[in-house]
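What follows is one structure encoded as structure tokens, with my remarks underneath.
In the text below, chain A, chain B and the rest are named by the order of the sequence lines, each starting its count at 1.
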Amino acid sequence: MKVNMKGTLLSFMGLGAILLAGCNDKLAVLDPKGPQAQRQADDTMLLIYLMSGIVLTVLAILVFMLVKYRASKQSPDYEPPHIHGHWLVETIMIGIPVIIVIFLSFVSVKSNYIVENVPQEYEDQEPLVIYASSSNWKWHFSYPEQGIETVNYLYIPAGRAIEFKLYSYGPITSFWIPQLGGQKYAMADMVTTLHLAADNPGEFWGRNANFSGRGTAENIFDVTALTQTEFDEWVTEVHETAAPLTEEKFDELLEPGHLGKQTYTGTHLEFSPAPEHNHESSDEEDEEDHSSH
Amino acid sequence: MSEFFAQFAVPHPSTLIYIAMASIVLGSIALVAIVTYFKLWGYLWREWITTVDHKKIGIMYLITALVMLFRGGVDAVMMRLQLAVPDNGFLDAQHYNEVFTTHGVVMILFMAMPFITFFFNFLVPLQIGARDVAFPRLNNLAFWLFFMGMGLFNISFIVGGSPDAGWTSYFPLADNEFSTSVGTNYYMLALQIAGLGTLMTGINFITTIMKMRAPGMTLFKMPMFTWSALIANLIIVFAFPVLTVALAMGTMDRLWDTKFFAIGDGGMDMLWANLFWVWGHPEVYILILPAFGIFSEVISTFARRNLYGYTSMVWSMILISVFSFAVWTHHFFTMGQGAFTNSIFSITTMAIAIPTGVKIFNWLFTLYKGKIVVTTPMLYALHFIPLFTLGGVTGVMLAMSAADYQYHNTMFLVAHFHNVIIPGVVYAMLAGLTFYWPKMFGFMLNERLGKATVWVMSIGFVLSFIPMYITGLDGQARRMYTYSDAAGFSTLNMVSFVGAGIMSVSFLMLVWNIWYSFKNSPRDIGSDPWDARGLEWATHTPIPHYNFAITPDVTDATSEAFWDSKKNGVKLFKGEIKDIHMPNNSGQTFILSVFFFIGGFALVFSMFTLAIISLIGILACMGYRSLEDDHGYHIHKEEVELIEKKYEKEGGAK
Ligand code: HEM
Ligand SMILES: [Cu+2]
């Protein structure tokens with residue numbers, strides 16, 4: 001039973017490690033295509049190594065204790081001693097976790113400021129602002145600067161910071177493009193900001209990661225990063241070919257259900273602005289809200 | 001008329017639900033028939049329903065917890081089956097949503113909570129040398145309120161429809177606009193009623209532990225489980241009122257269209273998330289600390305050594321309890337509160353890992369120079385240590401807020417919390433169940449079967465949950481009822497399903513073990529079959545309803561009073577047998593709880609007349625109680641002596 005036990009425990013851990021190592025370069029989160037996702041992937045790998053070290057240490061001590069102090073290995077009249085503790089052991093036992101946590105705190109705080117701001121590499125230019133709003137169970141992407149709007153797909157220029165403004169026409173959703181960076185909530189009564197960027201042209205997928213009812217699983221969208229020239233061409237093309245987004249049309253789009261990809265000129269922000277006020281909004285603003293309906 | 005009945009119909013019926021309905025109806029009829037045939041109604045009423053004996057109340061919690069373990073387990077297997085292959089059509093989106101919502105609520109609130117409450121009830125008075133809890137009748141009321149809440153929640157899927165907004169029930173999704181069935185009303189009211197019971201338990205056990213310890217038992221001589229119970233109950237008393245308020249606001253939003261959390265008119269969905277997790281995070285520590293307490297008892301018993309670092313164990317629990325209120329935001333790092341706030345909560349969350357780590361090292365060092373015997377409870381503990389460590393370190397990963405943007409809402413998170421809750425809470429409960437089984441029922445569970453169960457469970461666990469870490473990092477979001485083949489994680493999901501199947505086998509093995517041992521295990525095991533250490537083992541088996549004929553005096557003992565009496569000749573029972581004062585049974589608490597059930601049910605369906613009638617019933621019960629004189633009764637000295645003599649003759653002596 002004893003050998004069996006060690007072996008099994010080790011193989012449990014081994015299994016995890018091998019599976020992780022094996023899929024390493026394919027897993028979406030560990031295959032970053034932008035600076036924010038890169039930082040998160042680096043942190044993740046650091047954590048995986050550090051945390052495996054901790055688990056293996058605990059496991060090693062456990063196995064050692066079991067091998068050494070099994071009753072079957074000792075004389076029947078052995079009486080275990082009464083041990084309260086030892087200052088040195090306890091200092092080490094508390095000290096090492098404290099050091100690890102302090103170290104990780106530094107990393108964590110630094111990463112927070114990195115992912116919450118415009119990516120450092122792209123600080124020299126203005127980020128492209130895109131409003132991403134969710135409605136049951138679709139994504140509406142408004143490009144105010146370009147004056148266009150898409151549904152369920154996103155074209156972005158590579159090599160430029162994108163500032164997503166997120167909000168929702170219903171339950172809380174979470175905007176997530178794993179290969180470009182982690183998610184953030186889109187809510188009905190406030191706008192949240194997410195900074196992402198794609199280093200090179202490519203295709204990715206994004207989804208709503210927060211449960212928002214029956215259609216959540218299909219609440220997905222495609223992301224294509226183009227060169228700046230291609231992006232500009234696409235914008236021009238949209239202006240030439242797409243229909244304008246009217247208020248009636250938009251209300252229709254808001255109906256619960258799933259839709260394919262769609263493209264419009266103009267944005268819904270003009271007649272249905274984002275909830276960019278805070279909760280203590282003045283009455284004035286509230287009145288504006290009401291009159292626009 | 002037909003409209004009246006239509007509201008009770010299930011909005012999304014399916015064959016599965018019809019089968020469940022039929023089996024529930026048939027099961028109930030069979031149960032009633034059996035109880036009537038064997039003329040058990042009187043017995044049930046006198047000995048169980050109205051009991052104020054903490055041990056019996058404990059066992060009623062235990063039975064509820066085990067039944068709910070199976071009910072939640074069936075939900076779990078259904079979910080894993082649905083996800084086993086891509087584009088599966090076994091459950092549709094709506095059913096999947098109802099299933100995972102029910103699973104979460106049932107497992108946390110109606111399985112894990114009663115399981116730990118069983119241990120509070122059964123063990124705490126014994127460990128501190130008391131005859132009962134501070135408020136025995138309140139204890140009975142607490143159980144029945146909990147039970148009625150559980151019952152109300154469980155009928156949702158056959159009457160009116162299950163909740164479908166997740167166990168976190170985030171608004172505005174949980175609002176009438178998006179959750180149209182009465183399911184979420186059930187959620188709000190069932191949790192409210194059960195939560196009242198839990199709050200009463202909290203107050204009761206804090207008082208019991210503070211006021212009723214045996215002479216000589218200072219705080220720092222309390223057994224580790226009692227310490228963990230004290231701290232968990234303190235957390236209950238601070239955390240549950242938050243849930244009460246949140247649920248009341250949620251109920252008003254749903255029944256009377258107030259706009260606390262709804263979209264528009266100043267409603268704040270973030271307020272629900274905050275209130276929920278201000279309760280929800282401490283809640284997970286309410287569950288894990290008693291589990292730690294159980295493991296401490298088990299590990300020191302089977303390492304045949306005192307617990308290493310007793311004082312640091314206590315202090316780390318106290319630290320954890322304080323910190324547990326300062327980390328709730330880590331459940332929504334992604335809500336846009338900015339880098340500064342996230343940094344603060346990231347650090348406080350990681351700080352919790354320090355006292356947790358201290359405890360793990362203390363258990364490891366308890367093995368040092370020990371004489372380790374691997375029994376079934378010990379095997380649970382030995383599996384717990386590495387598996388829980390894995391869950392803890394992935395918790396630290398999640399606590400890295402910037403990186404959590406990638407883990408949040410994914411299967412990685414699902415893997416984390418099952419990795420702490422299953423090896424942590426569930427293993428502890430099963431270890432404790434096996435450990436204290438002979439004390440409760442007078443026979444041991446089979447050891448071979450028991451150990452095999454642990455192994456099968458761990459193998460199933462690893463296969464079931466480790467793959468989720470990986471699919472999470474690969475972008476599999478949680479709570480999605482299906483995925484496409486192109487997503488690329490179908491193999492791992494199949495592994496996970498197989499793991500879930502293996503885990504179910506282990507639970508069936510547990511049931512088989514109980515049955516098998518009931519039939520075959522010897523009954524002459526004495527009262528200390530494990531050679532254990534705590535005061536709870538200084539009782540007879542089965543434990544007489546007054547627990548100790550003479551109140552133990554532990555002035556000369558350590559926190560392991562019984563061990564001291566066995567090995568170092570410390571005398572625990574000084575003085576002589578006297579008359580014992582005991583509380584009377586009461587049926588009022590049960591009747592009061594039934595009114596709560598009816599009132600809750602009435603509110604679910606907005607039947608306000610009925611709700612008001614039950615409110616009057618509740619007030620009448622309370623009024624009656626406050627005018628009543630009840631002084632309990634005495635067991636006379638002679639009777640106690642007679643009972644004690646009988647034990648000595650039959651060899652069940654301490
Ligand atoms: C080392 C200690 C721990 C740390 C650092 C930790 C950290 C975390 C974090 C940061 C989250 C939120 C992740 C997210 O939503 O993205 C989380 C979720 C969770 N944790 Fe832990 N945790 C620890 C221990 C525990 C324990 C002991 C339990 C249970 C007994 C537990 C149960 C849960 C549950 C149930 C959830 C998620 C609930 C949900 O969203 O449905 N954790 N943990
Ligand atoms: Cu938490």
Side-chain angles (χ1 to χ4, degrees), chain A residues 9 12 16 19-20 23 27-30 40 43-44 47 51 54-55 58-59 61-62 65-66 69-71 74 78 80-83 85 90 93-94 97-98 101 104-105 108-109 111-113 115-116 171-172 174 178 182-185 187-189 192 207 209-214 216-217 279, chain B residues 93-94 97 166 170 172-173 178 263 268-269 304-306 308-309 312 334-336 338-339 342-343 346-347 350-351 353-354 357-358 360-361 364-365 367-373 385-386 389-390 393 396-397 400-403 405-406 408-410 462 466 470 473-475 477 479-482:
Chain A
L9 278 176
F12 284 172
L19 283 174
L20 254 182
C23 322
L27 299 181
V29 168
L30 298 178
Q40 287 158 335
D43 283 2
T44 302
L47 284 162
M51 297 298 132
I54 295 173
V55 174
V58 166
L59 196 64
I61 301 177
L62 178 67
M65 296 290 180
L66 285 178
Y69 301 110
R70 298 267 296 199
Q74 287 152 343
Y78 169 66
H82 190 90
I83 310 173
E90 295 194 38
M93 184 168 93
I94 300 173
V98 168
V101 166
L104 288 180
S105 298
S108 178
V109 173
S111 299
N112 279 336
Y113 283 91
V115 301
E116 279 294 329
I172 302 176
S174 192
Q183 57 191 288
K184 196 168 272 181
Y185 284 178
M187 293 169 290
D189 47 0
T192 48
R207 71 166 309 117
N210 193 55
F211 175 57
S212 68
R214 252 193 329 282
T216 322
H279 298 296
Chain B
Q94 179 62 29
N97 299 347
Y170 272 18
L173 180 62
F178 302 106
I263 304 181
M268 288 163 73
D269 42 15
R304 302 268 178 256
R305 242 210 59 194
N306 68 313
Y308 184 89
S312 58
T334 53
M335 208 186 262
N342 278 359
S343 297
S346 172
I347 295 171
M350 286 193 279
I354 299 170
V358 168
I360 291 180
F361 284 111
L364 288 174
F365 291 127
L367 302 174
Y368 176 68
K369 290 202 172 162
K371 197 174 180 183
I372 304 166
V373 259
I385 292 176
T389 307
L390 182 62
V393 297
V396 173
M397 291 180 72
M400 295 279 288
S401 38
Y405 283 19
Q406 291 281 27
H408 182 56
N409 274 330
T410 69
V462 167
I466 304 296
I470 299 159
L473 291 179
D474 201 18
R479 297 177 168 176
M480 303 295 147
Y481 81 106
T482 192

Checklist entry - Can you tell me how far the CD1 atom of A/Ile61 sits from the CG atom of B/Leu367, to the nearest 0.5 Å? => result 10.5 Å
Checklist entry - When only pairs under 4.5 Å are counted, which of B/Gly338, B/Gly166, B/Gly475, B/Ala477 shares the most heavy-atom pairs with chain A? => result B/Gly475
Checklist entry - Do B/Asn342 and A/Asn112 have a side chain donor and acceptor closer than 3.5 Å? => result no
Next on the checklist: Any non-hydrogen side-chain atom of A/Val109 less than 4.5 Å from a side-chain atom of B/Ile347?
Outcome noted: yes
Checklist entry - Is the backbone of A/Gly213 close enough, under 3.5 Å, to the side chain of B/Gln94 for a donor and an acceptor to pair up by distance? => result no
Checklist entry - Hey, mind stepping through A/Gln40 and B/Tyr405 against side-chain contact (heavy atoms from CB on, under 4.5 Å) and telling me if it holds? => result CA-CA 8 Å; A/Gln40 287 158 335; B/Tyr405 283 19; 3.4 Å; yes
Item to check | Max heavy-atom pair count under 4.5 Å with chain A, selected residue of B/Asn97, B/Thr482, B/Ile385 | outcome: B/Asn97
Item to check | Heavy-atom contact with chain A under 4.5 Å, split by part of B/Tyr368 | outcome: both
Checklist entry - Would a 4.5 Å heavy-atom cut-off, applied to side chains only, mark B/Phe178 and A/Ser212 as touching? => result no
Item to check | Inter-residue atom distance A/Asn210.CG - B/Thr334.OG1, 0.5 Å rounding | outcome: 7.5 Å
Checklist entry - What part of A/Gln183 gets closer than 4.5 Å to chain B, counting heavy atoms only: side chain, backbone, both or neither? => result both
Checklist outcome for this item: Heavy-atom closest pair (A/Thr44 atom, B/Ala403 atom, distance to 0.1 Å) is OG1-CB, 4.4 Å
Next on the checklist: I need the minimum non-hydrogen distance between A/Asp43 and B/Met400, along with the two atoms involved.
Outcome noted: OD2-CE, 4.4 Å
Next on the checklist: I want to check something: taking the side chain as every heavy atom from C-beta on, are A/Val29 and B/Asp474 in contact at a cut-off of under 4.5 Å?
Outcome noted: no
Checklist entry - At what distance, to the nearest 0.5 angstrom, does NZ of A/Lys184 lie from NE2 of B/His408? => result 12.0 Å
Item to check | Max heavy-atom pair count under 4.5 Å with chain B, selected residue of A/Pro97, A/Ala71, A/Ser105 | outcome: A/Ala71
Item to check | Rounded distance (nearest 0.5 Å) linking atom CD1 of B/Ile263 with atom CG of A/Asp189 | outcome: 8.0 Å
Checklist entry - Rounded to the nearest 0.5 Å, how far apart are CD1 of A/Ile54 and OG1 of B/Thr389? => result 9.5 Å
Checklist entry - Does the B/Gln406 side chain pair with the main chain of A/Pro178, one donor and one acceptor, at a distance under 3.5 Å? => result yes
Checklist entry - Is there a side-chain contact between B/Arg305 and A/Tyr69 (heavy atoms, below 4.5 Å)? => result no
Item to check | A/Arg207 and B/Met480, any side-chain heavy atoms less than 4.5 Å apart | outcome: yes
Item to check | Verdict with supporting geometry, A/Arg214 and B/Tyr481, side-chain contact (heavy atoms from CB on, under 4.5 Å) | outcome: CA-CA 9 Å; A/Arg214 252 193 329 282; B/Tyr481 81 106; over 6 Å; no
Checklist entry - Between A/Val58 and B/Ile360, is any pair of side-chain heavy atoms under 4.5 Å apart? => result yes
Checklist entry - Can B/Val396 and A/Leu104 be said to form a side-chain contact (heavy atoms from CB on, under 4.5 Å), step by step? => result CA-CA 9 Å; B/Val396 173; A/Leu104 288 180; 3.7 Å; yes
Checklist entry - Which is it for A/Met93 and B/Val358 under the side-chain contact (heavy atoms from CB on, under 4.5 Å) test, yes or no, and what are the steps along the way? => result CA-CA 6 Å; A/Met93 184 168 93; B/Val358 168; 3.9 Å; yes
Item to check | Smallest separation among heavy atoms of A/Leu62 and B/Pro386, with atom names | outcome: CD2-CD, 3.6 Å
Checklist entry - Which heavy atom of B/Asp269 sits nearest a heavy atom of A/Ala188, and at what distance? => result OD2-N, 3.9 Å
Next on the checklist: So does A/Ile83 get a backbone contact from the side chain of B/Asn306, meaning a donor-acceptor N/O pair under 3.5 Å?
Outcome noted: yes
Checklist entry - Between B/Lys369 and A/Tyr78, is any pair of side-chain heavy atoms under 4.5 Å apart? => result yes
Checklist entry - Where does A/Ser174 contact chain B at under 4.5 Å (heavy atoms): side chain, backbone, both or neither? => result side chain
Checklist entry - So which part of A/Ser108 gets closer than 4.5 Å to some heavy atom of chain B, the side chain, the backbone, both or neither? => result both
Item to check | ring pair (Phe, Tyr, Trp, His ring centres under 6.0 Å) between A/His82 and B/Tyr308, intermediate numbers included | outcome: CA-CA 9 Å; A/His82 190 90; B/Tyr308 184 89; over 10 Å; no
Checklist entry - When the ring planes of B/Tyr170 and A/Tyr185 are compared, do they come out parallel, tilted or perpendicular, using 30° and 60° as the limits? => result perpendicular
